[in-house]
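Let me begin by presenting the structure, written as structure tokens, before commenting on it.
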Amino acid sequence: SPNSSVTEIEHLTQNVLKSYRETCQLRLEDLQLLRLETFSWEEVRSYQKKSMEEMWERCACRITEAIQYVVEFAKRMGGFMELCQNDQIVLLKAGAMEVVLVRMCRAFNSENRTVFFEGKYAGPELFKSLGCNELINSIFDFAHSLCSLHFSENEIALFTALVLINSSRPWLQEKDKVERLQNNLELAFKHMLRKTHRESILAKLPPKGKLRSLCYQHMEKLRSFRQMYPIIVHAVFPPLYKELFS
Amino acid sequence: QEKHRILHKLLQNGNS
């Protein structure tokens with residue numbers, strides 16, 4: 001780029017990798033070690049017998065925890081805090097859940113189609129009482145497809161930075177500033193892939209519309225749940241979750 | 001701003 005020096009891009013790369021390492025919530029080594037810890041049949045049954053309200057609240061809490069780490073990732077990432085606060089909020093509102101969905105592939109075991117949830121690995125059937133089988137299956141399919149790319153931790157770091165810093169989000173006030181950061185992150189990502197001979201994954205990355213569609217489906221399901229249980233959502237759901245999704 | 005009170009708060013707090 002005529003506007004960014006190699007040193008600037010290298011500095012941004014190191015900064016994103018460090019921010020990610022500090023905020024990845026669960027260490028990859030621990031997630032790998034726990035891969036054989038799957039919920040027993042009895043445990044799955046006990047989750048399936050929970051009320052829809054309880055299961056929704058649990059999942060809302062787990063999503064909120066994951067999002068708090070994404071907010072922290074954004075804050076530590078070079079350039080993000082230099083954006084105006086309107087744009088920080090626009091980018092997080094639109095992108096935090098998308099980043100959580102990408103991060104989920106680290107906690108996903110493609111071999112038996114399970115994901116790490118509340119201490120053990122769970123298949124899609126554990127989430128039955130949510131009443132969102134189609135959405136859950138779509139999320140599992142998405143994680144499965146991402147796993148086939150065999151992302152390294154560094155690749156996830158830069159890819160999720162790019163999911164977040166997206167200048168095409170509506171309502172940005174300083175679009176040019178976001179665009180410049182996005183361009184530098186794209187350079188950083190491509191430079192890293194070139195160095196590691198991994199440029200072939202560029203053509204296999206999920207289209208932006210796929211993540212957007214999963215997030216939209218999640219918000220639609222929340223809307224239906226809220227119509228059925230407005231008081232539960234109002235009284236017990238985490239405030240950050242409500243702020244982002246309702 | 002009021003609509004995004006929690007996000008504002010999280011963004012304004014220092015790194016934790």
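Each chain gets a letter, A, B and so on, in the order the sequences are listed, and its residues count up from 1.
- In this structure, the portion of A:Leu92 lying under 4.5 Å from any heavy atom of chain B is its side chain and not its backbone.
- Atom NZ of A:Lys221 is surrounded by 12 or fewer heavy atoms from other residues, nucleotides or ligands within 6.0 Å.
- Listed for the A:Lys75 side chain is a donor-acceptor partner under 3.5 Å among the backbone atoms of B:Asn13.
- Annotation for A:Ile231: atom CD1 does not count as buried by contact number, only 12 or fewer foreign heavy atoms lying within 6.0 Å.
- Using a distance-only test at 3.5 Å, with no hydrogens or angles considered, no donor-acceptor pair links the side chain of A:Gln88 to the main chain of B:Leu11.
- Side-chain atoms of A:Lys93 do not come within 3.5 Å of backbone N or O of B:His4 as any donor-acceptor pair.
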**Prompt:** So B:Leu10 and A:Leu240, side chain to side chain contact (heavy atoms under 4.5 Å, CB included) or not? Walk me through it.
**Reply:** CA-CA 10 Å; B:Leu10 287 174; A:Leu240 178 60; 3.8 Å; yes
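- Using a 4.5 Å cut-off between heavy atoms, A:Ile67 does not touch chain B at all.
- Shown here is A:Arg212, whose CZ atom has no more than 12 heavy atoms of other residues, nucleotides or ligands within 6.0 Å.
- Taking 4.5 Å as the limit, every side-chain heavy atom of B:Lys3 sits out of range of all side-chain heavy atoms of A:Glu243.
- At a threshold of 4.5 Å between non-hydrogen side-chain atoms, the residues A:Leu244 and B:Ile6 do not count as touching.
- More than 12 heavy atoms of other residues, nucleotides or ligands lie within 6.0 Å of OH in A:Tyr20, so this atom counts as buried by the packing criterion.
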